[in-house]
Amino acid sequence: MSTHADSKPWTVPALADAKREGRKLVMLTAYDNSFARVLDANGVDLVLIGDSLGMVVQGHDSTLPVTVEQIAYHTAVVARGLNRALLVADLPFQSDATPERALQASVTLLQAGAEMVKLEGAGHKLEVIRFLAERDIPVCAHLGLTPQSVLKFGGYKVQGRDEAAAARLQADAKAVADAGAQLLVLECVPSSLAAAITAAIAIPTIGIGAGPGCDGQVLVLHDFLGLDTGHRRPKFVKDFLAEGGSVAGAVRAYADAVRSGAFPDAAHSY
Ligand code: KIV
């Protein structure tokens, strides 16, 4: 199986190369230095400082209380553990409400060690993506179930199920890529829709609950280790620690399963 050379650090342009060459991207979240080192040494290509830290580290019911300073703190401790993986950091709730606010927050995160920032949604965020991209800040967009919109959605629900919603998601995916995003996370959307979006855009897609047709996969670290976070376990989560036998073994099992296309299977997709 073809992978990025073990010793070669990932760069943003290399992500598009991977898509063109049909190499799957392996992504996990991390929040501390020790886990960052295990992920980096065992085949993870991208590490995300997700605002999921609000739910799995801080014990909140949503990602809304997370601040830029908290993401920056975790970004800095994780950055010190990485040699190879590309570090992506979330712009937390409303830190990207305007282009100027997003620029300020992104500078804080890039100065803490991030190499790309992730933001949720399209609509008025297209202007934000364009503003950041024009200023050489690599952007990962995030569509589908965007957890910062949980109050609007009324819960964590699969998105894009009906024809109109699927068409809107397809249009949004093209729009974020046209605005300058260089990576796209698709969360909780039907597999067929995620595969169609992946085929229609040039930037790589990373799925979480979006089926095997994406260009890569991401899971939240605590979910992937089968830890009880106090939240309902979504269908797409698989406990790789049970399979891998150790944290390092779990990371290798996950990386192998993503690269071979074995994960996610139908049982872990919508
Ligand atoms: O915050 C996070 O961990 C995320 C992933 C679920 C993609 O956004």
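When a ligand or atom number is given, it counts from 1 through the structure's own listing order. Both backbone and side-chain heavy atoms feed into the values below; hydrogens, waters and symmetry mates do not.
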For Gly211, is there any backbone N or O sitting under 3.5 Å from a side-chain donor or acceptor partner on Gln217?
yes
Within ligand 1, which atoms have a heavy atom of Gly50 less than 4.0 Å away?
1 (O), 2 (C), 3 (O)
Less than 4.5 Å apart, side chain to side chain, heavy atoms only: is that true for Lys8 and Arg84?
no
With heavy atoms under 4.0 Å as the rule, classify the contact between Thr63 and ligand 1 as side chain, backbone, both or neither.
neither
For ligand 1, is Lys118 a contact, meaning one of its heavy atoms is under 4.0 Å away?
yes
Should Ser52 be counted as touching ligand 1, given the test is an N or O pair under 3.5 Å?
yes
Does only the side chain of Asp90 get under 4.0 Å from ligand 1, or the backbone, or both, or neither? Count heavy atoms.
side chain
For ligand 1, which atoms, with element, lie under 4.0 Å from some heavy atom of His142?
8 (O)
Per-atom filter on ligand 1: closer than 4.0 angstrom to a heavy atom of Leu48 are 2 (C), 3 (O), 4 (C), 5 (C), 7 (C), 8 (O)
So which of Leu145, Asp96, Leu143, Asp51 actually passes side chain to side chain contact (heavy atoms under 4.5 Å, CB included) with Glu120?
Asp51
Numbered in order shown, the ligand 1 atoms found under 4.0 Å of a heavy atom of Ile208 are 6 (C)
In this structure, are over 12 heavy atoms from other groups packed under 6.0 Å from Lys174 atom NZ?
no
Cation over ring face, Arg135 and Phe131, 6.0 Å, 45°:
yes
Give the numbers and elements of all ligand 1 atoms closer than 4.0 Å to a heavy atom of Thr29.
3 (O)
Could you check if a side-chain atom of Ile206 sits within less than 4.5 angstrom of a side-chain atom of Asp215, using non-hydrogen atoms only?
no
Ignoring angles and geometry beyond distance, decide whether Glu187 reaches within less than 3.5 Å of ligand 1 through its nitrogen or oxygen atoms.
no
Cation-pi, Phe236 ring and Lys238 (6.0 angstrom, 45 degrees)
no
